[in-house]
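The structure appears right after this line, and notes come after that.
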Amino acid sequence: MSTAKIAVMGFGVVGSGTVELFYRNKDIIEKRSGTSIDIKYILDLRDFPDSPYRDKFTKSFDDILNDPEVTVAAELMGGKTFAYDYTKRLLSRGKSVVTSNKELVATHGAELLRIAKENGCNYLFEASVGGGIPIIRPLHKCLAANRFEKISGILNGTTNYILTKMIYEQMSFDEALAQAQALGYAEKDPTADVDGHDATRKLCILGSLAFGRHIYPEYVHCSGIRKITLDDVEYAENAGYAIKLIGLIENTESGLVATVCPRLVSVNNPLSGVNDVFNAIAVTGDAVGDVLFYGRGAGKFPTASAVVGDIIDAVKHAGRDIISLNWSDSENSDFIRPYKSAEVRMYVRVHAPEADSLKPLITSLFGYVDFIPRKRRSEDELAFITPSLVESEIDEKLAQLSKSAELKKKIRLL
Ligand code: HSE
């Protein structure tokens, strides 16, 4: 039996996890692939003289590209520069590429899928969304019969870890971020996590798969968790909600609405109980109804689990395009609806001297409002939840309110 030779490009957290997992479970991996497999190259510019895999390291991408024995490469380098160039060249040579690189898939997915198809190989990215959670295959295979109505999810482990520490341990934002970095959850540049860009990329991938047109990150309204304070966390809790960074894409009659932002999630919604590094993705299809996917959304071995799963699939189906996985490119965003035109409920926190005296004004502006209680609430603070209204109308009403109060925070509800 010939041995399938693979290459691992990038020996960071996910790359080293992939190599380690591969050798740890090589027996079952080969059994499930139906063939013998080995890692022939590990590409990294750094030296690893003490690594048990030191004989496999190369600094030259050409070694991999020009070796006819290599049929599958795992691109685990991240970023868009070298990763994009290398992936295109590998696919053009008919070598399958598997990746956890959501930035690359979200930006160039349509093109890379097309190149793979043209060259009879595969571009697989199960690890790009939700770490170890199976979501890409279920979306485009098991759920392929459905028209999708909505996808909502906690798509970033780092921010969920931070928010969990803030909610349950009153830990400061900076301390929680440092812990998430130490645990290997965060991106190289953690601002991508904290400011919502990582979750946006993942939402783009899910949305593109579900709705068939490439949703670029700039089509998504994105804001992160930097401005969430322990005050907001406490108000939310008192009202029966947890604050989560939520990626949401909804299919409405007038287009898709795509947002990544913090939201108050009701304790009755299973997403509110998703804590630490865990991610969860809720998918609503017209036939299946609601389906929830849950698991570890970041980290060395959960992500490696998805990468190695893709390697097995690519090896098993070498030389043919196994998947219907594709979406068409989109030249403009005319299928995306402005998020401010959608209806939403909003949590609002304001400051004003004797803030309670504003209640009649707030009620006259919004109609029925839930004022949120808080122990030891200072006299100059008030928090409330609006009824469901078009967001641009809420903004107009808040502009009127801001003549009498300082607007401190507004956070959408899910
Ligand atoms: N930085 C990402 C996260 C890694 O925290 O979710 C997994 O994509």
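Given the structure is predicted, the values throughout are model-derived calculations rather than measurements. Counting starts at 1 for both ligands and their atoms, following the listed order. All residue numbers in this chain count up from 1 along the given sequence.
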Is the number of heavy atoms from other residues, nucleotides or ligands under 6.0 Å of [X] [atom1] greater than 12?
{"X": "R296", "atom1": "CZ", "value": "no"}
{"X": "R226", "atom1": "CZ", "value": "yes"}
{"X": "R24", "atom1": "CZ", "value": "yes"}
{"X": "K31", "atom1": "NZ", "value": "no"}
{"X": "K80", "atom1": "NZ", "value": "no"}
{"X": "K227", "atom1": "NZ", "value": "no"}

List ligand 1 atoms under 4.0 Å from [X], heavy atoms only on the residue side.
{"X": "D193", "value": "1 (N), 2 (C), 3 (C), 5 (O)"}
{"X": "A186", "value": "1 (N)"}
{"X": "K202", "value": "2 (C), 3 (C), 6 (O), 7 (C), 8 (O)"}
{"X": "D198", "value": "2 (C), 3 (C), 6 (O)"}

Return the closest protein heavy atom for [atom] as residue, atom name and distance.
{"atom": "atom 8 (O) of ligand 1", "answer": "K102 NZ, 2.6 Å"}
{"atom": "atom 2 (C) of ligand 1", "answer": "E187 OE2, 3.1 Å"}
{"atom": "atom 5 (O) of ligand 1", "answer": "T158 OG1, 2.6 Å"}

Ignoring angles and geometry beyond distance, decide whether [X] reaches within less than 3.5 Å of ligand 1 through its nitrogen or oxygen atoms.
{"X": "G157", "value": "yes"}
{"X": "N279", "value": "no"}
{"X": "Y185", "value": "yes"}

Could you check D193, D195, D189 and say which one makes a side chain to side chain donor-acceptor pair (under 3.5 Å) with T191?
-> D189
Out of G184, G297, G132, who gets a non-hydrogen atom closest to atom 7 (C) of ligand 1?
-> G297
Give the ring-plane orientation class for F48 versus F57, where under 30° counts as parallel, over 60° as perpendicular and anything between as tilted.
-> parallel
For ligand 1, the portion of A180 having any non-hydrogen atom under 4.0 Å away | neither
N156 contact mode with ligand 1 (heavy-atom cut-off under 4.0 Å) | both
Does the D232 side chain pair with the main chain of T229, one donor and one acceptor, at a distance under 3.5 Å?
-> yes
